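The model shown is predicted, which means the values in this text are computed figures rather than measured ones. Values reported hereafter were calculated over all heavy atoms of this structure, with side chains retained and with hydrogens, waters and symmetry mates removed.
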Amino acid sequence: MRRRTLSALCTLGALGGVLAVPTAAHAADPYPNGPSIHTDDTRIYVDFGKPLPPKNLKLLLRKTGTETPVAAVTEFAQMQDTDPCDPSCEDDPGETAVVTSPLRLADLGRYAVDVQYDGTEGETILHKDEAVFDYHLIPRVKTFEVSGKPDLEHRTVTVKADATLRDPRDDSETPMANGRLVLETTAAKTGLNTDAAGHVETPFTFTGTEKHDTTTWQNDVRVVLRPAGADAAHGLTRRVEVGYTTTDITLDSSTVRGADGTDAPLTGRATYRDSNGVSKPVPVGTPMSVYNVRTFKTGEDGRFTTQVPVYGTRRQTIALLGTPWLSNTYAYVTPDPTTSAGFHRVPTVTVSRYKKVTVSGIFDRYDLPAATTLKVNLQFKARGTTAWVTKKTIDSPAFAGDSSRTVTAADLPYPGVGVWRFQYPGTQQIPAGPAPESYTVYRQMTAFPEFNANPEPVKAGAPITITGKLNAKNEDNGQWSALANARIDIYFRAKGTTTWRGAGVAVTGNDGRFTKTFTAAKDGDWQAKYDGDEWTHFYAYSRLDFVDVQ
């Protein structure tokens, strides 16, 4: 990682005594919770959450269990910000961590890390035991070879490697004699032991279920060899090209039977063809799936057992998911629903501008023993809640055997933002099937917070001006704001009559306001109406404003 250097070298020195800390220091500590610290094999990372560390930052190292510091670190490098737009390009504080140079200590062992810096008044602040720095011989895999091109018939390869121990005090290396290594693939881990010279040479057998190494275009798998207890950075990675063969899936039955909306068991066997064309069971643990529903793995002799959803008579796909060793292959199973009824398609929901809801769905019935009438509940779930509320119960005639029927509920009052579903609750004789919910349905409420006819009173033949404002409600945050470019119809009802007549039309501006001028003729009420639009907004009426014409 590239770093911007704040100071060139890391200062280490023996310290002769314990630092005295003023008793009032913590009261003026700009970082009362101390820093966040982590370490690697040779360095210490310090993060106060700000781009620059505090003044006179110093790390004091003590052998664990002792109180006397044996070394101090006073110089650091600033870490480079690898993501300048996190959390956002405007709010990114930049990299806030600093790091020491690789430390050169006199002795190996575990060291307590104390953090010292200046307080707000220049006093000395000390946070003790902020971390433990483990200064040890560093195991590394220096060489690693994998010999062979395996396939399912020949999965064994030869592994050769050499491992060393690096001394961080002077960077000298010695063989990792009789050490423990871990050989790791995506399918398994295997422990290996080095000899007195730090060397290992041994056969290794793949399971045949390893995944593709997606970092290359070859048909290969990744093998990592690392020291036990260390991460992959201390090891080496090799990619091994493997042989590829075709596969087959044989189902014990091409149909499954169960109530609609339930799962039914399915069994079968997965095989591959060897170089002679002979079918053999795929390895134990080979990944398979009921396509887009669930995954499972093969057992002994390539056998598998899984559950297949009965969703009407919709055909389900059984897939052997391709691996470096095996090709993709598919088989198909057809569900046969027992006596049951339900809905498979998402219901269609419309909300009119006049706050009326219409819901329509297709009701599927299977294997009914006789003609009957089934009761269906139309249910609503408000956004932010988990409870379904029944809004209407509908009788739906059903024939014997299999049938489908459209169920519709119209002109229901709009209950607010939420989702809808048709639900057949089921009976002992006819179990319930699926009840999928709709997409979230809503329109925006509109309102006239302002409306006025002016002047009042007014002389006959004089102008009268209608003004007002139209707002719309954001259903996501509950805030009202101006609705621009909306057509406003203005109506007049003469005193003593019940008939409203259209007087004119206005259009709202960007601020939601509108104005229209008329000639005063009779006493009466004025009102504005917004008729809503095709998909987004509900209608709204303003208040009535009576004008006396003299």
Got a donor-acceptor contact below 3.5 angstrom from the [X] side chain to the [Y] backbone?
X: Gln218; Y: Asp213; value: no
X: Ser352; Y: Tyr354; value: yes
X: Thr185; Y: Val223; value: no
X: Asn454; Y: Thr465; value: no
X: Ser36; Y: Asp47; value: no
X: Thr446; Y: Phe538; value: yes
X: Asp533; Y: His537; value: yes
X: Arg513; Y: Leu470; value: no
X: Glu210; Y: Thr207; value: yes
X: Gln550; Y: Val458; value: no

For atom [atom1] of [X], decide whether the heavy atoms of other residues, nucleotides or ligands shown that lie under 6.0 angstrom number more than 12.
X: Arg222; atom1: CZ; result: no
X: Glu300; atom1: CD; result: no
X: Lys297; atom1: NZ; result: no
X: Arg487; atom1: CZ; result: no
X: Phe399; atom1: CZ; result: no
X: Lys356; atom1: NZ; result: yes
X: Lys529; atom1: NZ; result: yes

Do you know which two heavy atoms are closest between [X] and [Y], and how far apart they sit?
X: His344; Y: Tyr366; value: CE1-OH, 3.2 Å
X: Asp260; Y: Ser340; value: N-OG, 2.9 Å
X: Val346; Y: Ser438; value: CG1-CA, 3.7 Å
X: Gly416; Y: Phe380; value: O-CZ, 3.5 Å
X: Pro335; Y: Arg315; value: CD-CA, 4.1 Å
X: Met288; Y: Leu320; value: CG-CA, 4.1 Å

Taking only Lys NZ, Arg NE, NH1 and NH2, and the carboxylate oxygens of Asp or Glu, determine whether [X] and [Y] approach each other closer than 4.0 Å.
X: Arg353; Y: Asp531; value: yes
X: Asp274; Y: Lys280; value: yes
X: Arg257; Y: Asp336; value: yes
X: Arg294; Y: Asp263; value: yes
X: Asp523; Y: Arg493; value: no
X: Asp548; Y: Lys495; value: no
X: Asp395; Y: Lys375; value: yes

Margin query: The test is side chain to side chain contact (heavy atoms under 4.5 Å, CB included); show your working for Ile464 and Thr519 and say whether it passes.
Written below: CA-CA 6 Å; Ile464 182 170; Thr519 300; over 6 Å; no
May I ask you to decide if the ring planes of [X] and [Y] are parallel, tilted or perpendicular, using 30° and 60° as cut-offs?
X: Phe206; Y: Trp325; value: tilted
X: Tyr45; Y: His38; value: parallel
X: Phe448; Y: Phe514; value: perpendicular
X: Phe343; Y: Phe363; value: parallel
X: Tyr539; Y: Tyr541; value: perpendicular

Can you confirm whether the side chains of [X] and [Y] place a donor and an acceptor under 3.5 Å from each other?
X: Asp220; Y: His212; value: no
X: Thr499; Y: Thr497; value: no
X: Thr390; Y: Gln379; value: yes
X: His127; Y: Asp29; value: yes
X: Asn377; Y: Thr393; value: yes

What's the spacing between [X] [atom1] and [Y] [atom2] if we round to 0.5 Å?
X: Ile394; Y: Thr373; atom1: CD1; atom2: OG1; value: 13.0 Å
X: Ser481; Y: Asp511; atom1: OG; atom2: CG; value: 12.0 Å
X: Lys473; Y: Gln479; atom1: NZ; atom2: CD; value: 9.5 Å

Margin query: Set out, in order, the CA-CA distance, both residues' side-chain angles and the distance that settles side chain to side chain contact (heavy atoms under 4.5 Å, CB included) for Leu374 and Tyr424, then state yes or no.
Written below: CA-CA 8 Å; Leu374 305 178; Tyr424 168 62; 3.9 Å; yes
Item checked: Test applied, ring-ring contact (aromatic ring centres under 6.0 Å, His included); reference residue, Trp526; option that passes from Phe451, Phe546, Phe518 -> Phe518
Check: Taking it one step at a time, do Arg365 and Thr372 satisfy side-chain hydrogen bond (donor to acceptor under 3.5 Å, both in side chains)?
Finding: CA-CA 11 Å; Arg365 290 72 67 98; Thr372 186; over 6 Å; no
Notebook entry, point to check: Stepwise, does the side chain to side chain contact (heavy atoms under 4.5 Å, CB included) test hold for Lys355 with Met445?
Noted result: CA-CA 9 Å; Lys355 301 181 182 179; Met445 294 291 185; 3.9 Å; yes
Note to self: Restricting to salt bridge (charged side-chain N to carboxylate O under 4.0 Å, His left out), what partner residues turn up for Arg303, sequence neighbours left out?
What the structure shows: Asp252
Notebook entry, point to check: What's the verdict on salt bridge (Lys or Arg N to Asp or Glu O under 4.0 Å) for Arg345 and Asp364, showing C-alpha distance, side-chain angles and the deciding distance?
Noted result: CA-CA 10 Å; Arg345 283 137 286 204; Asp364 295 306; 2.3 Å; yes
Margin query: For the residue pair Arg443 and Trp535, would you count it as a cation-pi contact if the rule is NZ or CZ under 6.0 angstrom from the ring centre and within 45 degrees of the ring axis?
Written below: no
Checklist line | By ring-ring contact (aromatic ring centres under 6.0 Å, His included) - contacts of Tyr442 (at least two apart) | finding: none
Notebook entry, point to check: Would Leu378 and Trp420 count as a side chain to side chain contact (heavy atoms under 4.5 Å, CB included) if you check the C-alpha gap in whole Å, the side-chain angles of each, and the deciding distance to 0.1 Å?
Noted result: CA-CA 7 Å; Leu378 175 61; Trp420 295 81; 3.9 Å; yes
Check: Is any side-chain heavy atom of Tyr272 closer than 4.5 Å to a side-chain heavy atom of Thr329?
Finding: no
Next item on the list: With side-chain hydrogen bond (donor to acceptor under 3.5 Å, both in side chains) as the test, would you mind laying out the steps for Arg273 and Thr247 before giving the verdict?
Entry: CA-CA 6 Å; Arg273 298 174 190 173; Thr247 56; over 6 Å; no
